[in-house]
Amino acid sequence: MRNSLKRFEIFNICYSNKKEKSYEISCQTKKILEEKNCKVNLVCAEDKAGFIIGNEHSVILSVGGDGIFLKYAREAVKYNIPVTGINVGRVGFLNEICPSKLQNYLEKLVESRFFIQERLILKVDIMAEKENKIETFYAVNDIVLSRGALARMLKIKLNINEKNVEFYSGDGVIASTPSGSTAYSLSAGGPIVNPSLEAILITPLCPHSLQTRTVICAPDDMIELSFDPERGKKGIVSIDGQIMKRITYKDKIYITKNIEKLKVINFG
């Protein structure tokens, strides 16, 4: 974590029409920032024409729950700009700003009284053998390989740095960042990891075993997941619970840390 001397000139306020009070608080945020002579860009998550202004003097303010934060955190990484969240969701693990103290937090943001915490995110390359191509996605929280709606167990092979580590029989496997350790991984019995640490967590989903536990990998490890066709010929890869990709047993999944990190504003 490092202190910031950065002064923002453009504030991207990102809201969702599906989240109650998201637009209302976004308008309130816009008014406060414009009174401080800040340039504001209002972006609706459901508007395909909405765009992020990304330069070295811009920031993203996500207004909603963790789902909206995850959507725009991936945008923040793409543009290499910081992100912070105003919580109007039920849980809000990822959103630090409380609406009841909005004025105070926005003053700190405008006056650069904050820290920037850099967090590891994951890159997943899906090698589709049938099309002979690679699709690449990025995950702030987690990547899940699961059986989808089928009731049959999958048998998943886990390789780390090209060496076989484990075979999991169960519903699937979660590869999580420390930021995502309080999300799906926690529900599956995984540990809580400080988001400032660099590690990759591999947690099985409903394993048919009395001994299977989370494997914590080094940040530079290369993780490969594949599954046995005798225990299912198709599966689903989910990225942050928002992007879904159907795969077959012939496809390979490679997970590594992304070179660029997520920059999260922290007010201490």
Side-chain angles (χ1 to χ4, degrees), residues 66-67 70-71 74 93 120-193 199-258:
D66 285 347
L70 289 170
K71 175 182 173 65
R74 293 192 296 270
F93 273 119
L120 175 147
I121 68 167
L122 299 178
K123 174 186 175 186
V124 54
D125 294 310
I126 302 175
M127 173 66 81
E129 184 179 271
K130 186 177 180 181
E131 293 89 2
N132 193 27
K133 68 176 182 180
I134 295 178
E135 288 188 273
T136 300
F137 302 93
Y138 302 93
V140 175
N141 263 2
D142 50 41
I143 297 157
V144 181
L145 172 58
S146 68
R147 58 181 174 79
L150 297 176
R152 193 175 185 183
M153 284 195 304
L154 291 179
K155 186 173 184 180
I156 298 174
K157 181 181 180 182
L158 169 65
N159 284 359
I160 299 176
N161 300 327
E162 299 184 341
K163 294 182 179 180
N164 180 244
V165 174
E166 184 64 276
F167 284 95
Y168 297 116
S169 291
D171 286 354
V173 171
I174 304 169
S176 167
T177 64
S179 296
S181 68
T182 53
Y184 199 2
S185 178
L186 178 65
S187 299
I192 295 176
V193 179
I200 303 173
L201 288 67
I202 307 297
T203 303
L205 277 171
C206 299
H208 193 252
S209 169
L210 296 175
Q211 299 177 334
T212 305
R213 296 291 185 269
T214 296
V215 175
I216 299 180
C217 305
D220 295 321
D221 285 344
M222 197 275 284
I223 296 157
E224 177 186 346
L225 297 174
S226 58
F227 55 87
D228 187 338
E230 292 184 5
R231 292 283 184 88
K233 296 183 182 295
K234 295 181 180 180
I236 293 176
V237 177
S238 169
I239 293 91
D240 286 338
Q242 297 178 336
I243 301 170
M244 311 292 284
K245 175 68 179 177
R246 294 186 181 278
I247 62 170
T248 73
Y249 71 93
K250 293 183 178 180
D251 301 337
K252 302 288 185 182
I253 300 168
Y254 299 97
I255 299 170
T256 56
K257 76 170 184 180
N258 192 47

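Everything quoted here is computed from the prediction, not taken from an experiment.
- Pairing each heavy atom of K257 with each of I200, the nearest pair is N-CD1, 4.2 Å.
- To the nearest 0.5 Å, the span separating CE on M153 from CG on D171 amounts to 9.0 Å.
- When the salt bridge (Lys or Arg N to Asp or Glu O under 4.0 Å) test is applied to K245, the partners found at least two apart in sequence or on another chain are E135.
- Atom CD1 of I255 sits about 9.0 Å away from atom CD1 of I126, to the nearest 0.5 Å.
- Across all their heavy atoms, S185 and L201 have their closest contact at OG-CD2, 4.3 Å.
- Here the side chains of V173 and L158 are not in contact, with every heavy-atom distance at 4.5 Å or above.
- Judged as a side chain to side chain contact (heavy atoms under 4.5 Å, CB included), and not counting sequence neighbours, the contacts of M222 are N161, E162, Y254, T256.
- S187 is linked by a side chain to side chain contact (heavy atoms under 4.5 Å, CB included) to Y184, counting only residues two or more places apart in sequence or in another chain.
- The minimum heavy-atom distance linking D142 with A183 is given by the pair OD2-CB, 4.2 Å.
- The backbone N or O of N141 lies less than 3.5 Å from a partner atom in the side chain of T177, making a donor-acceptor pair.
- Looking at residues two or more places apart in sequence or on another chain, you find a salt bridge (Lys or Arg N to Asp or Glu O under 4.0 Å) between D240 and R74.
- Side-chain contact between D125 and K123 is present, with heavy atoms from C-beta onward closer than 4.5 Å.
- With sequence neighbours left out, the salt bridge (Lys or Arg N to Asp or Glu O under 4.0 Å) criterion links K157 to no other residue.
- In this structure, L120 and P178 approach most closely via the heavy-atom pair CD2-CD, 4.3 Å.
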Listing, residues 210-219 side-chain donor-acceptor contacts under 3.5 Å, not counting sequence neighbours, or none:
from: T212; atom 1: OG1; to: S209; atom 2: OG; distance (Å): 3.0
from: T214; atom 1: OG1; to: T203; atom 2: OG1; distance (Å): 2.9

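- Annotation: side chain of L205 is not in contact with side chain of L154 (no heavy-atom distance under 4.5 Å).
- The CD1 atom of I121 lies 9.5 Å from the CD1 atom of I143; values are rounded to the nearest 0.5 Å.
- D221 pairs by the salt bridge (Lys or Arg N to Asp or Glu O under 4.0 Å) definition with nothing, not counting sequence neighbours.
- In this structure, the side chains of L186 and S181 stay at 4.5 Å or more apart for every pair of heavy atoms.
- A 4.5 Å side-chain heavy-atom check between Y168 and I202 finds at least one atom pair inside the cut-off.
- The distance from the CZ atom of F227 to the CD1 atom of I253 is 7.5 Å, given to the nearest 0.5 Å.
- Contact of the S146 side chain with the I236 side chain is registered, since non-hydrogen atoms from C-beta on lie closer than 4.5 Å.
- Proximity of a side-chain donor or acceptor of E224 to a complementary backbone N or O of K252 within less than 3.5 Å is not detected.
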